[in-house]
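Just so you know, ligand 1 is whichever comes first in the structure, and atom 1 is the first atom listed for that ligand. Given the structure is predicted, the values throughout are model-derived calculations rather than measurements. Hydrogens, waters and symmetry mates are skipped; everything else that's a heavy atom, side chains included, is used.
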Amino acid sequence: MGAKTWKAGRFFVTTPIYYINSTPSVGSAYTTIIADTIARWHRLNGEEVFFLTGLDENSVKTVKAARESGYSDIQEYADGMAEKWVAAWQRLGISHDDFIRTTEERHKKLVQEFFFKLKKSGDVYKGNYEGLYCEGCEAFYTEKDLVEGKCPYHKTEPKMISEENYFFKLSKYQEKLLEHIKKNPAFIQPVSRRNEVVSFIKEGLKDISVSRPNMEWGIPIPGETEQKLWVWLEALGNYMSASPQKWPATLHLVGKDIIRFHCVFWPAFLMSAGYKLPKTVFAHGFFTVNGEKMSKSLGNVIDPVYLADKYGVDSLRYYLLREIPFGQDGDFSIKGLVERHNRELANDLGNLVNRALSLAEKKLNNTVPKAKTDLYLSKKFNLKKIVKHMDKLETHSALAEIFSFVSACNKYVNDKEPWRLEGREAEKVLYSVLDSVRVIAILLQPFMPGTSERIVKQLNVKLGTLKEAKFNLLKAGQKLGQKEILFRKVEENKN
Ligand code: MSP
């Protein structure tokens, strides 16, 4: 995908870039798996996709974590963590096209220029700042933002800081932002988040500090000896620095904790610097773990790689994409994961594929017969509905729809009892089931790419795109592949 081939209108999706004071949690994996599924869905649809993820490395948190782990060289610590993040995403089947690290030269260069653009617009001035800073959020808060004097996200008391900083005239963009949000209903989604952002803006925007003095780590402002760029200003710039010619992004996928940064600060910076705005910022909800907030201090942070190793990467992907209605809050539990794995994957999907292949072996000599898919069955498949759900990023509903077709296929097998049938009758029923399994494999690719591959291997066909997600494309006379068990049941109490 060369720089010149990229045209406007293609699909450019991002995840937040993650802090490197720890390895991925099932929380960051959630966002990244959704983004991956959306990217894969658009590729399946034949679109040119650019899927960007990466790491936010210039935070004070990096310095603290490096010291705590005994590193004197912070870059060395960052490099080690980056390797771990990349390996985790690889393990989870993440298909990003680029991985941006904010300690890279390409990033530094772009954000320094970006800052000068803000300055050139007359939107940056020097002043004294006194305020409450939460290092967890890397942001200043007012008393009003706090809950019982503490940061609502980190439950820690912010530090009172008094320093000379560069300020950005955020106040100047209040009306422009409101106008943009009003004119572009797709800009902030879901609606509940849009309303939240609108009321925050309407309360009145104050200018914000965009530099920090005396920081040992971070991106310097050229010509300044003391000031470094505020980590959020430059971190947001990652969306552009990875591949400036591809800007603007189609979709920024973020957790609801960081909408203020993405829906107020970032668009204001972009307006000031004279760039286009991203088409959509979609904020998904947060999930708790067994009903409790996931946090390092509670010791309940779950490693997604551990889950993938124990239950299978596609079971983890399936559970996350299916369990939590996208945009809403939810709860993560191993019990729920195991239940869905056993019921929907091993029983429903696994069983269907296994029955189709076993019966074809017994009745058809492992060869696709000449027949047409039973209209009674193909009518139960509603591609339009699935596409509609995916357009709204409702992965849980899209999966529910795909699995309702899986159930329809199982019911069809139960009702028709092909093991009792012979000749043309057996051929028609089994062709219908094998062809449906092929269609299911195509649709599952964005959600469970490994499983999808394993299914088509058993059918001995190529996967195909959304265009091939229609019936009667399985070729008569073709030999089927080797059958294998897709999912083995897990005992619930062995966790
Ligand atoms: N570095 C900033 C983002 C900068 S983007 C320019 C940051 N990093 S983070 O490592 O804290 O990641 C936050 C993101 O992780 C959330 O916005 C969300 O996408 C994801 N999640 C972390 N925990 C989560 C849950 N418990 N539930 C859902 N998503 C979670 O903020």
Side-chain angles (χ1 to χ4, degrees), residues 13-36 38 52-62 65 78 81-82 84-85 88-89 94 99-103 107 110-111 114 134-139 151 153-154 193 218-219 229-242 249 251-267 269-270 278 281-296 298 300-304 307 319-321 323-333 393 395:
V13 56
T14 69
T15 72
I17 48 169
Y18 303 104
Y19 290 129
I20 53 167
N21 54 334
S22 59
T23 48
S25 73
V26 73
S28 41
Y30 176 60
T31 313
T32 313
I33 288 171
I34 296 169
D36 181 67
I38 294 166
L52 176 67
T53 189
L55 299 174
D56 189 348
E57 303 189 1
N58 297 316
S59 161
V60 248
K61 285 196 258 251
T62 304
M81 290 306 280
K84 288 184 185 161
W85 279 81
W89 290 162
I94 306 303
F99 191 89
I100 180 86
R101 298 180 53 195
T102 56
T103 49
H107 176 74
L110 182 125
V111 294
F114 195 102
C134 169
E135 283 187 352
C137 296
E138 287 279 16
C151 162
Y153 300 106
H154 295 90
R193 301 288 161 225
I219 301 184
L229 290 174
W230 176 42
V231 66
W232 266 103
L233 168 66
E234 54 94 353
L236 287 160
N238 90 85
Y239 299 131
M240 199 181 273
S241 66
L251 173 66
H252 287 322
L253 198 64
V254 299
K256 65 174 186 181
D257 54 331
I258 52 177
I259 47 172
R260 202 179 284 189
F261 303 96
H262 285 82
C263 302
V264 181
F265 300 171
W266 179 226
F269 295 150
L270 287 166
V281 180
F282 195 108
H284 64 67
F286 253 55
F287 57 80
T288 47
V289 171
N290 298 320
E292 281 191 77
K293 185 178 181 271
M294 194 172 24
S295 82
K296 261 191 173 177
L298 287 173
N300 63 350
V301 179
I302 308 183
D303 174 1
L307 292 175
Y319 174 71
L320 289 172
L321 294 163
E323 179 71 14
I324 304 156
F326 195 45
Q328 295 175 33
D329 290 339
D331 187 51
F332 178 96
S333 74
L393 311 185
T395 60

Going by heavy-atom distance to atom 30 (C) of ligand 1, choose the closest among Pro16, Gly27, Ala29. Gly27
Identity and separation of the nearest protein heavy atom to atom 29 (N) of ligand 1: His284 CE1, 3.3 Å
Does ligand 1 have an atom that lies less than 4.0 angstrom from a heavy atom of Ser25? no
Kindly check if the number of other-residue, nucleotide or ligand heavy atoms within 6.0 Å of NZ (Lys84) is above 12? no
For Met294, the ligand 1 atoms whose distance to one of its heavy atoms is below 4.0 Å: 26 (N)
Taking the inter-plane angle between the rings of Trp232 and Phe261 on a 0 to 90° scale, is it parallel (under 30°), tilted (30 to 60°) or perpendicular (over 60°)? parallel
Between Glu234 and Asn58, does the side chain to side chain donor-acceptor pair (under 3.5 Å) criterion hold? Intermediate values first, please. CA-CA 9 Å; Glu234 54 94 353; Asn58 297 316; 2.9 Å; yes
Do Asp329 and Phe287 have side chains that approach each other closer than 4.5 Å (heavy atoms only, starting at C-beta)? no
I want to check something: taking the side chain as every heavy atom from C-beta on, are Phe114 and Leu270 in contact at a cut-off of under 4.5 Å? yes
What protein heavy atom sits nearest atom 26 (N) of ligand 1, and how far off is it? Phe287 O, 3.1 Å
Residue, atom and distance of the protein heavy atom nearest atom 18 (C) of ligand 1 read Thr31 OG1, 3.4 Å
Which residue owns the protein heavy atom closest to atom 14 (C) of ligand 1, what's the atom, and how far is it? Tyr18 CE2, 4.0 Å
Look at the rings of Trp89 and Trp85 and say which category their plane angle falls in: under 30° parallel, 30 to 60° tilted, over 60° perpendicular. perpendicular
Ring geometry between Trp266 and His252 (parallel below 30°, tilted from 30 to 60°, perpendicular above 60°): tilted
Asp56 heavy atoms, cut-off 4.0 Å: which ligand 1 atoms fall inside? 1 (N), 2 (C), 4 (C)
If you measure from each heavy atom of Gly285 to ligand 1, is any distance below 4.0 Å? yes
Donor-acceptor pair, side chain of Thr53 and main chain of Thr15, under 3.5 angstrom: no
With no hydrogens and no angle check, is any side-chain donor or acceptor of Tyr19 less than 3.5 Å from a backbone partner on Lys61? no
Examine ligand 1 and decide if any of its atoms is less than 4.0 Å from a heavy atom belonging to Lys293. no
For Ile258, the ligand 1 atoms whose distance to one of its heavy atoms is below 4.0 Å: 17 (O), 31 (O)
Which is closest to atom 3 (C) of ligand 1 in terms of heavy atoms, Ile17, Ile324, Thr14? Ile17
Could you check atom 16 (C) of ligand 1 against the protein and tell me its nearest heavy-atom contact, residue, atom and distance included? Asp257 OD1, 3.3 Å
Ring centroids only, cut at 6.0 angstrom: are Phe326 and Phe282 within range, meaning strictly under it? yes
Answer with yes or no whether His262 contacts ligand 1, where contact means a heavy atom under 4.0 Å from a ligand atom. yes
Kindly identify the option in Trp232, Tyr19, Tyr239 whose heavy atom sits closest to atom 8 (N) of ligand 1. Tyr19
